[in-house]
Number of protein chains: 2
Amino acid sequence: MAKIKIQLNETKKDSILKNAAMLFRSKGFKATSVRELADTLGVEAPSLYNHIGSKAELLQEICFDIAADYSTFMQTIISSPENADKKTKKLIEFHIQKLFIDFDKVYVADYEWKQLPKKQLGEFLIQRKIYENNFVEIIEEGIKKKLFKKLQPRITVLTILSAVRGLEFLKSKKNNFTVEVLQQNMVNHLLNGITN
Amino acid sequence: MAKIKIQLNETKKDSILKNAAMLFRSKGFKATSVRELADTLGVEAPSLYNHIGSKAELLQEICFDIAADYSTFMQTIISSPENADKKTKKLIEFHIQKLFIDFDKVYVADYEWKQLPKKQLGEFLIQRKIYENNFVEIIEEGIKKKLFKKLQPRITVLTILSAVRGLEFLKSKKNNFTVEVLQQNMVNHLLNGITN
DNA sequence: TTACAAAACTAACAGTTATTAGTATTTCTT
DNA sequence: AAGAAATACTAATAACTGTTAGTTTTGTAA
């Protein structure tokens, strides 16, 4: 009788979520079967249901965990006394670092959220919108203080968020840039592009 | 006996591809069933097989059509006598315009290519890589001629391509920016961010 | 050792999937 | 109008889906 494979300092639930995120990222949520997930954990599919409620619940936990992390960081940024340019810099750096630490989960939250059950999809989009609005306010603040050029704040935010979201392409390639190099390059590009 | 719905100056195949792209974008390739596609065309599912080879073939045609369009445009850019900054500007503008003209198909090519059958997935990634490499060369040329700052060209290209890929979020919202406004903002942001 | 809970197993389900076979109907060509 | 080609239909398929039921094994505490 096989047991769910776990690593040191990891609960079974952690292991399930980690493997689910890996599969959901590489194949997509819909294209990943519960049997497949069970395989990677070295166990039969129905055994998983001693630990999870449903397949959809896994996607849900991944997406909302990541959303919560972003929300938490945004709160610390908002309540910090720094200027808009420094805030923006820190946000860009955070996104890049977060992608490296929680690659699979961040990817899933970025690209597979559409597969969330209808009700949670709505809640997820609301949280995204709040995050985006917070970011827009920071940009607007920067424009008001003449730190930033007069561009449409919403387009600026979308441009920045999209750019950092696209980093997944660099992870799996030979071009193995370090987090620091990526942060430096992208801050330079994306921040200087809107700075007066 | 129902007939496949088509619009003026549109072949049946066009209509099938258009509706497929719309569904693949909004629900995902895997989550879209052939029956569903048939429904939107006002016909029974098996009838579609008089016009298509398989569901996968539809995804294939969408992805490679778009890839060909990008490749064609890249060739005209490469063989033009303009400077790297003008070339980059035109590429950014093209991406934005293309997204507005062929929204569903561009989205599918950007986000659903992972679901391509293995062999075509390889070919698709090769074409992407070629496009990316061409773009990298343009950036390198700009750096050599001191038009651009000394940043990692590959990161710069990824940043630009990811940023324009993310525009889908603006289409479906109240913020109805015109193509021109988006082009102006993003060129300003993304091009000035790397310009000396 | 015994009892109990946690977690694994096998078997099976009802539903959905893309697709094929075979047949009827419509449309085009002559 | 007749014959051919295109295109629609119904019925059925085998494979796969997430999940449940019921049972057996394992781990833990007395």
Side-chain angles (χ1 to χ4, degrees), chain A residues 1-7 10-24 26-63 108 112 114-121, chain B residues 1-8 10-21 23-24 26-63 108 112 114-121:
Chain A
M1 250 179 179
K3 286 168 59 181
I4 289 179
K5 289 178 192 160
I6 58 170
Q7 308 218 349
E10 194 186 44
T11 69
K12 287 177 187 173
K13 192 62 181 289
D14 285 342
S15 182
I16 294 172
L17 279 171
K18 199 184 62 184
N19 282 272
M22 188 249 290
L23 288 168
F24 294 169
S26 57
K27 311 193 51 176
F29 173 75
K30 271 275 179 181
T32 300
S33 73
V34 176
R35 281 168 180 82
E36 223 169 339
L37 171 58
D39 266 355
T40 72
L41 292 160
V43 99
E44 295 299 320
S47 305
L48 285 185
Y49 287 82
N50 288 315
H51 307 279
I52 69 173
S54 66
K55 183 191 171 190
E57 191 193 83
L58 290 172
L59 179 62
Q60 194 195 136
E61 292 187 37
I62 292 168
C63 290
V108 170
E112 296 292 325
K114 276 195 180 184
Q115 306 300 332
L116 283 168
K118 215 185 302 180
K119 187 173 179 180
Q120 288 134 31
L121 188 139
Chain B
M1 250 181 179
K3 285 167 57 180
I4 289 179
K5 288 178 194 161
I6 58 170
Q7 308 217 350
L8 251 73
E10 194 186 43
T11 68
K12 287 176 186 173
K13 192 61 182 289
D14 286 342
S15 182
I16 294 172
L17 279 171
K18 198 183 64 183
N19 282 273
L23 288 168
F24 293 169
S26 58
K27 310 193 54 176
F29 173 75
K30 272 276 179 181
T32 300
S33 72
V34 176
R35 282 168 178 82
E36 223 168 339
L37 172 58
D39 267 355
T40 71
L41 292 159
V43 98
E44 295 299 319
S47 306
L48 284 186
Y49 286 82
N50 288 316
H51 306 279
I52 69 173
S54 67
K55 183 191 170 189
E57 192 192 82
L58 290 172
L59 179 62
Q60 195 195 135
E61 293 186 39
I62 292 168
C63 289
V108 170
E112 294 293 325
K114 277 196 180 184
Q115 306 299 331
L116 282 168
K118 216 185 303 182
K119 188 174 177 179
Q120 287 134 31
L121 187 139

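Sequence lines set the chain letters: A, B, ... in the order given, protein chains first and strands last, and positions in each chain run from 1.
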Rounded distance in Å - [atom1] ([X]) to [atom2] ([N]):
| X | N | atom1 | atom2 | result |
| --- | --- | --- | --- | --- |
| K27(B) | dT17(C) | NZ | P | 8 Å |
| E36(B) | dT16(C) | CD | C1' | 12 Å |
| R35(A) | dG18(D) | CZ | P | 7 Å |
| L37(B) | dT17(C) | CG | P | 13 Å |
| E44(A) | dT10(C) | CD | C1' | 9 Å |
| Y49(B) | dT20(C) | OH | P | 7 Å |
| L58(B) | dT19(C) | CG | P | 9 Å |
| I16(A) | dA7(C) | CD1 | P | 10 Å |

Starting at the 5' end of DNA chain C, which residue's closest nucleotide do you reach first, I4(A) or I52(B)?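 On the 5' side of the pair lies I4(A).
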
Options [options], nucleotide nearest the side-chain atoms of [X]:
| X | options | result |
| --- | --- | --- |
| V34(B) | dA11(C), dT26(D), dT19(C) | dT19(C) |
| K12(B) | dA7(C), dA21(D), dA8(D) | dA8(D) |
| S33(B) | dT19(C), dT26(D), dT17(C) | dT17(C) |

Any [X] side-chain nitrogen or oxygen under 4.0 Å from OP1 or OP2 of [N]:
| X | N | result |
| --- | --- | --- |
| H51(A) | dA6(C) | no |
| S47(A) | dC9(C) | yes |
| K3(B) | dT7(D) | no |

If you go through the side-chain atoms of N50(B), does one of them form a donor-acceptor pair with the base of dA6(D) closer than 3.5 Å?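 Such a pair does not exist between side chain and base.
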
Any side-chain heavy-atom pair from M22(A) and N19(A) closer than 4.5 angstrom?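 When only atoms from C-beta onward are counted, N19(A) and M22(A) do touch, with a gap below 4.5 Å.
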
Atom pair [atom1]/[atom2] of [X] and [Y] - distance to nearest 0.5 Å:
| X | Y | atom1 | atom2 | answer |
| --- | --- | --- | --- | --- |
| L48(A) | I16(A) | CG | CD1 | 5.5 Å |
| I62(B) | E57(B) | CD1 | CD | 11.0 Å |
| E112(B) | C63(B) | CD | SG | 8.5 Å |

Tell me what A56(A) touches on the nucleic acid: a base, only sugar-phosphate, or nothing, going by heavy atoms under 4.0 Å.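 Nothing: the residue A56(A), judged by heavy atoms under 4.0 Å, touches no strand.
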
Assess K114(B) against F29(B): is NZ or CZ under 6.0 Å from the centre of the six-membered ring, and within 45 degrees of the ring's axis?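 No, cation not above the ring by the 6.0 Å, 45° rule.
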
